[in-house]
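Sequence lines set the chain letters: A, B, ... in the order given, protein chains first and strands last, and positions in each chain run from 1. Since the model is a prediction, treat every value here as computed from it, not as a measurement. All values below were derived from every heavy atom in this structure, side-chain atoms included, with hydrogens, water molecules and symmetry-related copies excluded.
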2 protein chains.
Amino acid sequence: MDLDQFDHQILALMQKDARQTGAELADQVGLSPAACLRRLQRLRKIGAITREIAVLSDDVTGRNITLIVTLPLNRGRPDMRARFREYFGKLPEVKHLYHVTGEADLVLILECQTMEAYADFAERHFRMDEIKGYETNVVLQTLI
Amino acid sequence: MDLDQFDHQILALMQKDARQTGAELADQVGLSPAACLRRLQRLRKIGAITREIAVLSDDVTGRNITLIVTLPLNRGRPDMRARFREYFGKLPEVKHLYHVTGEADLVLILECQTMEAYADFAERHFRMDEIKGYETNVVLQTLI
DNA sequence: GTTGAAAGCCAGTAACT
DNA sequence: AGTTACTGGCTTTCAAC
């Protein structure tokens with residue numbers, strides 16, 4: 001799979017917006033529309049582009065409150081993170097779970113239906129021994 | 001935003017594959033192609049579909065380092081966030097951008113190829129007046 | 001091999017029933 | 001909503017590089 005600069009430009013553009021026309025791509029990468037679309041065809045064929053999907057609005061899914069929660073952990077068993085993944089991975093509210101350096105050890109991206117639902121969630125899931133505490137940032141706006 | 005059963009079907013299909021034709025959608029939901037495309041138009045217009053994006057194969061991005069960056073902002077013009085979205089939305093490193101309550105005002109989820117690339121990124125993009133500073137958390141492991 | 005330009009084709013749009 | 005006609009983008013061909 002060898003890609004030149006034009007291919008990478010097209011991929012970057014398509015990653016942001018897959019509905020751009022050949023002419024729009026052409027303007028941005030400096031090739032003709034036909035050349036862009038030929039390359040795009042190839043990028044799909046060789047699997048550089050896995051698929052193209054629609055992103056749905058949060059309020060169509062019903063979970064419209066996003067929260068970023070940082071969890072400092074107490075040092076514990078080495079399989080602790082695997083167990084957290086196991087545990088949080090099953091919960092539909094959990095969109096992402098990162099293990100990070102710095103103060104906090106885990107960062108959760110959650111989506112809940114209401115703040116009450118989040119309060120319940122925290123009450124139920126953040127009370128284990130391994131979790132030293134938690135800090136919540138409510139997302140006012142998901143810009144991207 | 002009121003959606004009937006047909007709308008929900010179309011959304012579910014588009015979430016899996018946004019390149020289906022009107023005829024393909026029509027086969028699956030049991031309406032005419034034109035009706036499906038009319039609904040699709042509406043779903044985009046009312047924002048039920050936020051955007052449509054290409055998913056790139058992992059080995060094409062080469063971006064293996066994920067970073068969570070919190071940006072405290074100086075109070076500024078009210079269109080500041082729109083301008084940030086405009087600005088960061090164009091950068092392929094930016095996976096997500098949240099406007100949050102609390103200490104930090106913006107939270108960025110980034111993917112970079114190397115730490116040097118991130119240092120460059122920060123140097124180039126976090127030096128504007130509106131940005132008071134930045135705190136970086138390197139993701140050791142993306143658990144979900 | 002690649003490109004850009006032009007012709008042909010097909011999907012998306014709009015008007016009408 | 002469905003059918004039809006129209007428009008515009010995508011695909012293919014071709015000549016030139």
Side-chain angles (χ1 to χ4, degrees), chain A residues 1-62 142 144, chain B residues 1-63 85-95 113 117:
Chain A
M1 206 186 280
D2 54 11
L3 308 172
D4 64 13
Q5 220 45 45
F6 290 120
D7 290 318
H8 279 110
Q9 276 186 68
I10 291 169
L11 287 171
L13 291 167
M14 289 293 289
Q15 196 173 22
K16 293 297 174 193
D17 177 10
R19 270 176 59 78
Q20 296 175 87
T21 70
E24 286 168 332
L25 293 173
D27 284 344
Q28 298 171 86
V29 306
L31 287 175
S32 71
C36 289
L37 292 166
R38 263 195 302 261
R39 281 163 178 273
L40 190 50
Q41 248 174 308
R42 173 173 167 271
L43 292 170
R44 292 198 251 249
K45 188 173 182 180
I46 65 176
I49 293 176
T50 309
R51 58 209 184 104
E52 284 152 80
I53 59 167
V55 178
L56 306 189
S57 131
D58 290 342
D59 45 74
V60 105
T61 63
T142 299
I144 300 172
Chain B
M1 204 186 281
D2 53 10
L3 309 172
D4 64 14
Q5 220 45 46
F6 289 120
D7 291 318
H8 279 110
Q9 275 185 70
I10 291 169
L11 288 171
L13 291 167
M14 290 292 289
Q15 197 172 22
K16 278 196 274 182
D17 177 10
R19 270 176 58 77
Q20 297 173 85
T21 71
E24 286 169 331
L25 293 174
D27 284 344
Q28 298 171 84
V29 306
L31 288 175
S32 71
C36 288
L37 292 166
R38 263 196 302 260
R39 281 163 179 272
L40 192 48
Q41 241 175 314
R42 175 173 166 269
L43 292 170
R44 292 198 253 249
K45 188 173 183 181
I46 65 176
I49 292 176
T50 309
R51 57 205 187 111
E52 284 151 81
I53 60 169
V55 178
L56 306 190
S57 128
D58 289 343
D59 46 77
V60 97
T61 63
R63 293 203 171 77
R85 169 170 49 195
E86 184 71 22
Y87 183 79
F88 286 117
K90 290 208 174 81
L91 305 174
E93 291 90 346
V94 179
K95 286 294 164 231
Q113 302 200 354

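- Atom CG of A/Asp7 and atom C1' of C/dT3 are 14 Å apart (whole Å).
- Rounded to whole Å, atom C1' of D/dT4 lies 15 Å from atom CG of B/Leu37.
- Among the protein residues, B/Leu40 comes within range of no part of the nucleic acid, since none of its heavy atoms lies under 4.0 Å from any strand.
- In terms of position on DNA chain C, the residue among A/Cys36 and B/Gln20 whose nearest nucleotide sits closer to the 5' end is A/Cys36.
- Among the atoms of the strands shown, base atoms are found under 4.0 Å from some heavy atom of B/Ala34.
- Judged by distance alone with a 3.5 Å cut-off, no donor-acceptor contact links the side chain of B/Arg38 to the base of C/dG12.
- Using a 4.0 Å heavy-atom distance criterion, B/Arg39 is classed as a sugar-phosphate-only contact.
- Counting heavy-atom neighbours within 6.0 Å of A/Asp4 CG, excluding the residue itself, gives a total above 12.
- At whole-Å resolution of the value, CG in A/Leu25 and C1' in D/dG8 are 16 Å apart.
- Side chain of A/Gln20 to backbone of A/Leu13: a donor-acceptor contact under 3.5 angstrom is found.
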*List the steps, then state whether side-chain contact (heavy atoms from CB on, under 4.5 Å) holds for A/Leu3 with A/Arg39.*
CA-CA 10 Å; A/Leu3 308 172; A/Arg39 281 163 178 273; over 6 Å; no
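- For the pair B/Asp17 CG and C/dA11 C1', the computed distance is 15 Å after rounding to whole Å.
- Nucleotide C/dT2 holds its P atom 13 Å from the CZ atom of A/Phe6, rounded to whole Å.
- When rounded to the nearest whole Å, the span between CG of B/Leu31 and P of D/dA1 equals 6 Å.
- Looking at the side chain of B/Gln41, the nearest of the listed nucleotides C/dA14, D/dG2, D/dC10 is C/dA14.
- The interatomic distance linking B/Asp27 (CG) with D/dG2 (P) rounds to 13 Å, in whole Å.
- The minimum heavy-atom distance between A/Ala18 and B/Ala54, with the atom names listed, is CB-N, 3.7 Å.
- Toward the 5' end of DNA chain D, the nearer of the two residues B/Ser32 and A/Arg19, judged by each one's closest nucleotide, is B/Ser32.
- For the side-chain contact (heavy atoms from CB on, under 4.5 Å) test with B/Ile49, the passing option among B/Arg51, B/Lys45, B/Glu52 is B/Glu52; the others fail.
- Look at CD on B/Glu24: it is 9 Å from P on C/dG12, rounded to the nearest Å.
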